[in-house]
Protein chains: 4
Amino acid sequence: MSDAPTRLTRAEQQARTRERLLAAAADAFAEHGFDGASIDDITARAGFSRGAFYSNFADKSDLLVQLCEAHIDRFARAELPAILAVPEQEQLAAVARWLVQEEPPLETLLVVELARQRHRPEIAATLDRVLATVIDGIEGLLTVEGSQLAGLGRDEVQARSRAVLAAVVGIDVLGHVGIPIDRRVIELLLAGIADPEAAT
Amino acid sequence: MSDAPTRLTRAEQQARTRERLLAAAADAFAEHGFDGASIDDITARAGFSRGAFYSNFADKSDLLVQLCEAHIDRFARAELPAILAVPEQEQLAAVARWLVQEEPPLETLLVVELARQRHRPEIAATLDRVLATVIDGIEGLLTVEGSQLAGLGRDEVQARSRAVLAAVVGIDVLGHVGIPIDRRVIELLLAGIADPEAAT
Amino acid sequence: MSDAPTRLTRAEQQARTRERLLAAAADAFAEHGFDGASIDDITARAGFSRGAFYSNFADKSDLLVQLCEAHIDRFARAELPAILAVPEQEQLAAVARWLVQEEPPLETLLVVELARQRHRPEIAATLDRVLATVIDGIEGLLTVEGSQLAGLGRDEVQARSRAVLAAVVGIDVLGHVGIPIDRRVIELLLAGIADPEAAT
Amino acid sequence: MSDAPTRLTRAEQQARTRERLLAAAADAFAEHGFDGASIDDITARAGFSRGAFYSNFADKSDLLVQLCEAHIDRFARAELPAILAVPEQEQLAAVARWLVQEEPPLETLLVVELARQRHRPEIAATLDRVLATVIDGIEGLLTVEGSQLAGLGRDEVQARSRAVLAAVVGIDVLGHVGIPIDRRVIELLLAGIADPEAAT
DNA sequence: GATGAATGAGCATTCATTCAT
DNA sequence: AATGAATGAATGCTCATTCAT
């Protein structure tokens with residue numbers, strides 16, 4: 001009867017279902033861990049039935065993989081370019097802002113889960129890809145043309161990128177544990193990293 | 001009744017059982033997480049039966065609590081005093097050494113598990129105690145008489161202790177994820193914290 | 001609307017879909033049993049989707065019924081008349097040939113499934129009809145005019161028809177279990193049945 | 001308080017549990033097939049909980065294996081020797097009696113299930129053992145010293161043992177399907193097998 | 001008529017916990 | 001104190017079935 005276009009095509013519907021399930025899973029995993037979160041919990045949060053889950057994911061571990069892929073994609077496609085677009089001198093300030101934003105930049109607890117499920121081959125591959133992407137991103141960020149760290153040697157860059165990652169992870173975990181991290185803490189953590197001549 | 005000298009008294013036997021179970025649990029939790037580790041796994045690692053476990057702990061959650069208490073006690077009673085005994089000027093170097101020692105100073109993954117089980121009241125209390133002990137310890141360490149940071153204000157001390165904790169946690173997690181952290185990374189992270197005049 | 005001659009009419013198309021699904025189901029049931037075979041397995045073998053199945057059959061149990069009806073119809077309409085058309089003296093030889101033909105004369109495993117689903121009324125009716133058709137067919141075969149068994153009493157005929165059926169079933173099951181049955185075995189089983197004066 | 005011996009030791013208790021579960025499983029498998037029978041159904045019939053099952057069997061397929069092993073052991077240890085103990089001339093009469101006894105001599109439906117689960121390696125081994133044991137038993141029975149078939153060649157003995165097995169299986173299946181098999185049917189089936197000079 | 005996403009009951013299995021020994 | 005058989009709730013997953021497209 002109606003010639004108005006259907007609001008959502010079937011494929012769009014399913015994509016929406018998938019997105020909601022991924023979002024619910026991110027919450028549930030952060031709250032209870034991978035083993036602690038049940039599929040029922042996840043689907044209930046998303047407002048779907050158990051079966052909807054298995055229409056969209058092969059199994060629970062596939063969900064974890066896809067969730068991490070989605071996170072890392074967002075990081076590589078959206079967040080990293082946004083920081084890199086900032087004028088060179090303010091790069092570290094941009095990193096600092098990024099570290100304390102509401103939506104956490106890196107779901108550390110998710111990465112911990114990934115690490116725990118590393119014994120499954122399909123997970124190990126994703127973990128490696130996630131870590132490589134993040135570290136590459138940070139290295140690129142530190143050595144962007146015009147940066148005060150642009151002239152550093154390979155080892156120094158690597159050490160600094162790992163230091164940044166350690167800071168990000170530490171801050172994220174403390175946030176989950178209920179210890180608030182303000183701008184000052186971040187300044188202190190980044191001070192040495194930002195200084196091209198940090199003493200040995 | 002017995003006239004042969006028992007090698008270990010009953011109490012010593014039980015203490016040994018308890019220690020072995022705690023050690024096995026630390027391994028199992030780090031490997032699989034709290035939910036992922038089964039009591040059978042833990043008791044098998046320790047070489048005991050299910051029953052031995054329930055003779056020593058009320059339930060699984062009690063095990064987690066006792067494990068954290070044991071860790072934090074060791075930290076407060078042994079490790080912290082050892083660092084504090086070092087001459088003031090080398091305090092931060094001692095912290096650095098402490099951060100990279102073989103046996104990790106703080107079982108970060110254990111703390112993550114504690115945080116996840118926070119909804120249980122007995123766990124929440126332990127988590128608070130663990131965090132308070134660690135932060136107090138670090139604050140004491142930073143402001144020990146003669147330290148270059150001794151004159152800082154309350155807020156600065158708090159920010160720096162949280163920065164140290166974030167560094168410790170970040171380093172520990174990266175270690176678990178397979179990213180090696182060497183001395184240089186630690187220097188970079190501590191540089192700002194150690195500088196009494198770190199810029200704002 | 002269409003001016004191109006459709007290769008197959010709608011009805012023919014559907015009949016073909018139905019045939020393929022029935023054939024796929026026969027394979028799947030023989031391989032995994034009624035409960036063990038999934039509709040997805042059946043439709044995948046037939047090259048269709050779940051929906052095609054439900055367009056042709058009310059439910060899984062309806063499929064089993066229709067499959068057995070199709071088998072028994074083929075038996076009653078094609079195979080039995082073919083044997084009965086053979087000259088009387090060679091009837092039992094024809095039965096013997098029939099028993100070892102490539103396409104099994106009676107899907108014993110299907111009958112076993114029917115028996116297991118007997119508690120459902122529609123299944124019980126089909127089972128009774130299948131068994132009655134087969135036994136009637138065998139009795140007619142044994143007592144066909146001119147047969148050496150034509151003069152036997154009711155009880156003797158019934159006993160012999162059941163003996164034939166037992167032989168057919170036994171042979172079929174052993175074939176499924178991997179024990180090959182050759183002509184000699186069939187001769188031995190039929191020898192007593194074929195002898196009008198088999199001792200008591 | 002009591003110095004009377006405990007009725008059942010722990011090991012005896014568990015053996016009883018195991019026996020009851022095996023008996024319940026035999027019923028449930030015969031009624032619903034391997035896939036159709038649920039563990040809950042089996043344990044409920046036996047009067048135990050789900051967990052008791054998993055204390056005694058590794059999983060459902062282990063249950064099937066152990067059930068078949070138990071059946072074949074009973075056949076090889078008790079039933080076959082009993083028939084062989086009978087005077088030679090009455091051997092086939094004893095077989096006939098054995099075939100129609102209340103407790104079926106061979107759980108044919110169980111064997112059908114075994115055959116269906118053959119793709120699992122542990123099952124395939126059991127199936128082979130079951131079939132080999134039964135066929136060996138029947139061959140020994142047919143060629144026992146003094147038997148009228150004692151002088152037959154290898155091929156004839158093999159053909160006759162398979163014929164007996166086919167008869168046993170056919171009779172058993174018909175019994176499950178509701179077709180009663182009386183002594184006369186068995187006589188007819190065995191007549192050719194028992195005749196050393198059955199025509200070719 | 002055919003498709004396949006979604007539903008939800010059912011099932012095998014795991015595992016924390018209890019308790020008789 | 002320690003054992004391990006038994007319990008039963010919880011969980012991941014399968015699969016018959018429905019229904020919007």
Side-chain angles (χ1 to χ4, degrees), chain A residues 6 8-11 13-18 21 35-43 47-61 63, chain B residues 10-11 13-18 35-43 47-63, chain C residues 10-11 13-14 17-18 35-43 47-63, chain D residues 6 8-11 13-18 21 35-43 47-61 63:
Chain A
T6 309
L8 257 50
T9 67
R10 245 185 163 190
Q13 278 278 16
Q14 190 173 16
R16 212 174 110 198
T17 303
R18 209 187 96 97
L21 286 169
D35 288 293
S38 73
I39 307 264
D40 266 22
D41 180 13
I42 293 168
T43 53
F48 290 97
S49 69
R50 228 171 266 115
F53 175 84
Y54 286 98
S55 292
N56 283 279
F57 304 97
D59 55 22
K60 203 185 179 186
S61 116
L63 169 65
Chain B
R10 278 269 180 102
Q13 274 283 12
Q14 190 169 13
R16 213 174 110 199
T17 302
R18 209 187 96 99
D35 287 293
S38 73
I39 293 191
D40 267 24
D41 179 14
I42 293 167
T43 53
F48 291 98
S49 70
R50 246 174 243 110
F53 176 84
Y54 285 97
S55 295
N56 282 278
F57 303 97
D59 55 21
K60 200 183 179 187
S61 147
D62 178 42
L63 170 65
Chain C
R10 279 268 179 104
Q13 274 282 13
Q14 190 169 11
T17 303
R18 209 187 94 97
D35 288 292
S38 74
I39 292 192
D40 268 22
D41 179 14
I42 293 168
T43 53
F48 291 97
S49 69
R50 245 175 244 108
F53 176 84
Y54 285 97
S55 295
N56 283 278
F57 303 96
D59 55 22
K60 201 185 179 186
S61 143
D62 179 43
L63 169 65
Chain D
T6 310
L8 258 50
T9 68
R10 246 185 162 190
Q13 277 277 15
Q14 190 172 15
R16 213 174 108 197
T17 303
R18 210 187 96 98
L21 286 170
D35 288 294
S38 73
I39 306 266
D40 265 24
D41 180 13
I42 292 167
T43 52
F48 290 96
S49 70
R50 228 171 265 116
F53 175 84
Y54 287 98
S55 292
N56 283 279
F57 303 97
D59 55 22
K60 203 184 177 186
S61 115
L63 170 65

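Chain naming here is simple, since letters A, B, ... match the order of the sequence lines and numbering starts at 1 in each. Note that these values count all heavy atoms, side chains included, but never hydrogens, waters or copies made by symmetry.
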Query - Nearest-Å distance for atom pair CD1/C1', residues A/Ile42 and F/dC13 - result: 14 Å
Requested in this report: Could you tell me which non-hydrogen atom of A/Ala52 sits nearest to which non-hydrogen atom of A/Thr17, and how far apart they are?
Outcome: CB-CG2, 4.5 Å
Report summary line: Note: B/Asp59 and B/Asp62 closest approach over all heavy atoms is OD1-N, 2.9 Å
Query raised in the report: Within the structure, does a side-chain N or O atom of D/Ser55 lie under 4.0 Å from either OP1 or OP2 of F/dA5?
Result: no
Requested in this report: State, yes or no, whether a side-chain contact exists between C/Leu63 and C/Ile42 at a heavy-atom distance under 4.5 Å.
Outcome: yes
Query raised in the report: Under 4.0 Å between a side-chain N or O of D/Thr17 and OP1 or OP2 of F/dA6?
Result: yes
Report task. Determine the minimum heavy-atom distance between A/Phe53 and A/Thr43, stating which atoms define it. Result -> CB-CG2, 3.6 Å
Query raised in the report: Pick the nucleotide of DNA chain F nearest each of A/Ile39 and B/Asn56; which residue has the one closer to the 5' end?
Result: B/Asn56
Report summary line: Those stems involving DNA chain E that have three or more consecutive Watson-Crick or G-U pairs, both distances under 3.5 Å, are E:2-21 with F:2-21
**Report entry** Gap between atoms CG and C1', on A/Asp41 and F/dT11 respectively (whole Å)
**Finding:** 12 Å
Requested in this report: Find the distance B/Asp59:CG to E/dC19:P and express it as a whole number of Å.
Outcome: 15 Å
Report task. Identify whether any heavy atom of D/Phe48 sits under 4.0 Å from a base atom; if not, whether one sits that close to sugar-phosphate; answer base, sugar-phosphate or nothing. Result -> sugar-phosphate
Query raised in the report: What distance separates B/Lys60 NZ from B/Ser38 OG, expressed to the nearest 0.5 Å?
Result: 7.0 Å
Query - Rounded interatomic separation in angstrom, taking NZ from D/Lys60 and C1' from E/dC11 - result: 8 Å
Report summary line: Between CG of B/Leu63 and C1' of E/dC15 the distance, given in whole Å, is 15 Å
Query raised in the report: Considering only E/dA6, E/dG1, F/dT18, which nucleotide approaches the side chain of C/Gln14 most closely?
Result: E/dG1
Report task. Determine the contact category for D/Ala58: base if any of its heavy atoms lies under 4.0 Å from a base atom, sugar-phosphate if only primed atoms, P, OP1 or OP2 are that close, otherwise nothing. Result -> nothing
Report task. Send over the distance from C/Asp40 CG to F/dC13 P, rounded to a whole Å. Result -> 17 Å
Query raised in the report: B/Gly51 or C/Arg50: which one's nearest nucleotide on DNA chain E is closer to the 5' end?
Result: C/Arg50
Query raised in the report: Of the candidate nucleotides E/dA2, E/dT17, E/dA16, which contains the atom at the shortest distance from the side chain of C/Ser49?
Result: E/dA2
Report task. Identify whether any heavy atom of B/Ala37 sits under 4.0 Å from a base atom; if not, whether one sits that close to sugar-phosphate; answer base, sugar-phosphate or nothing. Result -> sugar-phosphate
Requested in this report: Could you check how far CG of A/Asp35 sits from C1' of E/dC15, rounded to whole Å?
Outcome: 12 Å
Query raised in the report: Tell me: CZ of A/Phe57 to P of F/dG12, nearest whole Å?
Result: 15 Å
**Report entry** 5' precedence on DNA chain F between A/Ser61 and D/Phe53 (nearest-nucleotide basis)
**Finding:** D/Phe53
Query - Residue closer to the 5' end of DNA chain E, D/Gly36 versus B/Tyr54 (nearest nucleotide) - result: D/Gly36
Report task. State the OG-CG distance between D/Ser49 and D/Asp40, to the nearest 0.5 angstrom. Result -> 9.5 Å
